[in-house]
Participant: 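First the structure, which I've put down as structure tokens, then a few questions once you've had a look.
Below, all heavy atoms of this structure are taken into account, side chains as well, without hydrogens, waters or symmetry copies. Nothing here was measured: the structure is a model prediction, and the numbers come from that model.
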Amino acid sequence: MASRKPSVRHPSHSHPLRGHKALAEEEIICSGCDLDLIGAAFKCTKSECDYFLHKSCFDLPRETRHKSHPNHPLTLLYSPPYESSTYECGACSEYGSGFVYNCSICQFDLHVGCISMPELVEREGHEHPLTLLYCSPYTNGLIVNCDVCQETVPDHLWSYYCKECDYGTHLHSCEVEQEEEPKRGGGGGGGGKASTSGNKGGGRGSAASELAAMLEAQREMERMQIELHMEMQRAKIAKKARKACLKLI
């Protein structure tokens with residue numbers, strides 16, 4: 001008879017957890033970072049409980065310091081400290097409902113995934129490594145455009161940047177497939193990413209608009225997933241409360 005894996009405890013969950021190897025076809029979402037879970041993980045030992053954690057989320061330190069917020073330490077919270085039960089990440093501006101690194105003094109919040117982003121990355125299609133920046137590389141009022149999707153990157157958000165080429169991207173991958181445009185005479189695709197207002201040409205503007213619409217749809221889907229997750233959590237809490245009341249009768 002095979003021995004059962006030993007169980008462990010984590011302060012984010014009331015039940016014991018057990019080691020688990022998550023497969024892609026299981027389509028598991030980590031209860032810590034709200035991202036897809038594949039590989040080494042922990043799962044709740046209770047069959048009726050769908051609590052899962054990446055091993056990396058399980059091992060997160062309770063307090064850390066980060067260059068993006070040098071004046072105060074950041075504390076790991078297992079749920080957002082706000083009445084809305086969500087928070088907006090100061091790195092990427094997306095919402096979260098799971099684990100968060102929080103500065104209670106500044107009400108500054110970071111996804112646990114964003115805080116772990118490397119300071120240097122290699123991106124396909126660019127010859128130099130890109131450096132992680134915590135604000136705009138420009139100090140003269142120029143607007144930063146992502147060289148992958150052509151969307152504007154707000155000055156206060158993180159990005160990856162190559163100073164040598166004046167090339168930058170959003171913090172997270174935003175590559176999407178584009179239909180190949182017909183070549184035009186005198187073609188030169190040059191054009192820097194730091195831009196001011198102006199017409200960029202019909203074809204390019206149309207493609208940029210389509211990309212913007214696709215990205216906005218993706219963000220809306222992520223918001224809907226967060227809302228669904230919150231509703232499921234509320235339903236679980238209500239169910240537990242009803243059980244507790246029945247026991248008191």
Side-chain angles (χ1 to χ4, degrees), residues 8 10-13 15 17-44 49-62 64 66 68-69 74-82 84-102 108-124 130 132 134 146 148-149 151 153 157-160 169-176 214-236:
V8 294
H10 192 268
S12 66
H13 193 60
H15 304 145
L17 306 177
R18 184 173 292 121
H20 177 70
K21 185 175 181 180
L23 304 176
E25 53 265 31
E26 294 181 275
E27 298 184 347
I28 298 171
I29 300 297
C30 176
S31 301
C33 64
D34 289 331
L35 299 176
D36 292 337
L37 199 165
I38 301 174
F42 288 93
K43 65 176 293 186
C44 182
C49 184
D50 60 352
Y51 192 87
F52 291 85
L53 285 179
H54 285 105
K55 184 179 184 303
S56 57
C57 289
F58 183 94
D59 293 332
L60 287 169
R62 289 302 306 272
T64 188
H66 197 268
S68 66
H69 196 71
L74 301 176
T75 302
L76 177 64
L77 304 179
Y78 301 125
S79 60
Y82 311 110
S84 64
S85 297
T86 62
Y87 65 92
E88 182 178 353
C89 177
C92 67
S93 194
E94 297 294 339
Y95 288 93
S97 60
F99 290 7
V100 54
Y101 274 107
N102 167 267
F108 177 76
D109 303 288
L110 291 177
H111 288 124
V112 296
C114 290
I115 203 171
S116 304
M117 296 298 286
E119 293 188 352
L120 288 175
V121 296
E122 300 282 348
R123 287 281 168 90
E124 186 177 353
L130 305 182
L132 178 62
Y134 305 121
C146 173
V148 176
C149 68
E151 282 269 291
V153 181
L157 297 184
W158 300 6
S159 62
Y160 279 109
T169 72
H170 282 100
L171 177 64
H172 299 297
S173 176
C174 51
E175 292 190 34
V176 294
M214 291 172 65
L215 289 167
E216 181 58 33
Q218 181 181 353
R219 294 187 183 110
E220 181 62 27
M221 181 63 70
E222 290 172 351
R223 285 192 286 267
M224 291 173 63
Q225 289 175 342
I226 290 172
E227 290 174 2
L228 178 60
H229 176 77
M230 290 169 58
E231 288 299 324
M232 292 174 65
Q233 292 298 108
R234 292 191 188 103
K236 289 179 184 177

Participant: Looking at residues at least two apart in the chain, or sitting in another chain, which of them share a side chain to side chain contact (heavy atoms under 4.5 Å, CB included) with E26?
Facilitator: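 So E26 forms a side chain to side chain contact (heavy atoms under 4.5 Å, CB included) with H20, A22, L23, I28.
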Participant: Among T64, I115, L74, D109, exactly one meets side chain to side chain contact (heavy atoms under 4.5 Å, CB included) together with H69. Which residue is that?
Facilitator: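 The option that passes is L74.
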Participant: Taking the six-membered ring for Trp, are the ring centroids of H172 and H170 within less than 6.0 Å of each other?
Facilitator: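 So the answer is no for these two rings.
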Participant: Is the shortest heavy-atom distance from the side chain of S31 to the side chain of F42 under 4.5 Å?
Facilitator: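 No. Closest side-chain heavy atoms not under 4.5 Å.
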Participant: Short question: side chain of S97, backbone of T86 - any donor-acceptor pair under 3.5 Å?
Facilitator: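 Not confirmed, S97 side chain does not pair with T86 backbone.
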Participant: Checking H13 against C49 for the side-chain contact (heavy atoms from CB on, under 4.5 Å) test, could you report, in this order, the C-alpha distance in whole Å, the side-chain angles of both residues, the deciding distance, and whether it holds?
Facilitator: CA-CA 10 Å; H13 193 60; C49 184; 3.4 Å; yes
Participant: Would you please test V112 and L76 for side-chain contact (heavy atoms from CB on, under 4.5 Å) and show each step?
Facilitator: CA-CA 8 Å; V112 296; L76 177 64; 3.8 Å; yes
Participant: Distance check, rounded to the nearest 0.5 Å: D50 atom CG versus C44 atom SG?
Facilitator: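 The CG atom of D50 sits 9.0 Å away from the SG atom of C44.
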Participant: Can W158 and H111 be said to form a ring-ring contact (aromatic ring centres under 6.0 Å, His included), step by step?
Facilitator: CA-CA 12 Å; W158 300 6; H111 288 124; over 10 Å; no
Participant: Do L35 and C30 touch side chain to side chain, with heavy atoms closer than 4.5 Å?
Facilitator: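 Sidechains of C30 and L35: no contact.
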Participant: Minimum heavy-atom separation for P11 and Y78, please, with both atom names.
Facilitator: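 Taking every non-hydrogen atom into account, CG-OH, 3.2 Å.
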Participant: If you look at every heavy atom in L110 and S68, which pair is closest and at what distance?
Facilitator: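 L110 and S68 have their closest heavy atoms at CD1-OG, 3.9 Å.
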Participant: Please determine whether side-chain contact (heavy atoms from CB on, under 4.5 Å) holds for the pair L171 and S159, giving the CA-CA distance in whole Å, both sets of side-chain angles, and the decisive distance to 0.1 Å.
Facilitator: CA-CA 4 Å; L171 177 64; S159 62; 6.0 Å; no
Participant: Determine, using ring centers only, whether Y134 and H66 are less than 6.0 Å apart.
Facilitator: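 Under 6.0 Å, so yes.
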Participant: Between N102 and Y87, does any side-chain donor sit less than 3.5 Å from a side-chain acceptor?
Facilitator: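 No, Y87 and N102 have no side-chain donor paired with an acceptor closer than 3.5 Å.
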Participant: For I29 and D36, run side-chain contact (heavy atoms from CB on, under 4.5 Å): C-alpha distance rounded to whole Å, both residues' side-chain angles, the deciding distance at 0.1 Å, then the answer.
Facilitator: CA-CA 5 Å; I29 300 297; D36 292 337; 3.2 Å; yes
Participant: Please identify each residue that fulfils side chain to side chain contact (heavy atoms under 4.5 Å, CB included) with V121, with sequence neighbours left out.
Facilitator: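 With sequence neighbours excluded, V121 shows a side chain to side chain contact (heavy atoms under 4.5 Å, CB included) to P118, R123, L130, Y160, given in chain and number order.
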Participant: Does the side chain of S12 pick up a donor-acceptor pair with the side chain of H10 at under 3.5 Å?
Facilitator: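 Yes, H10 and S12 have a side-chain donor paired with an acceptor closer than 3.5 Å.
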Participant: Of all heavy-atom pairs between G98 and P80, which one has the smallest distance, and what is that distance?
Facilitator: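 Taking G98 first and P80 second, the nearest heavy atoms are O-CD, 3.7 Å.
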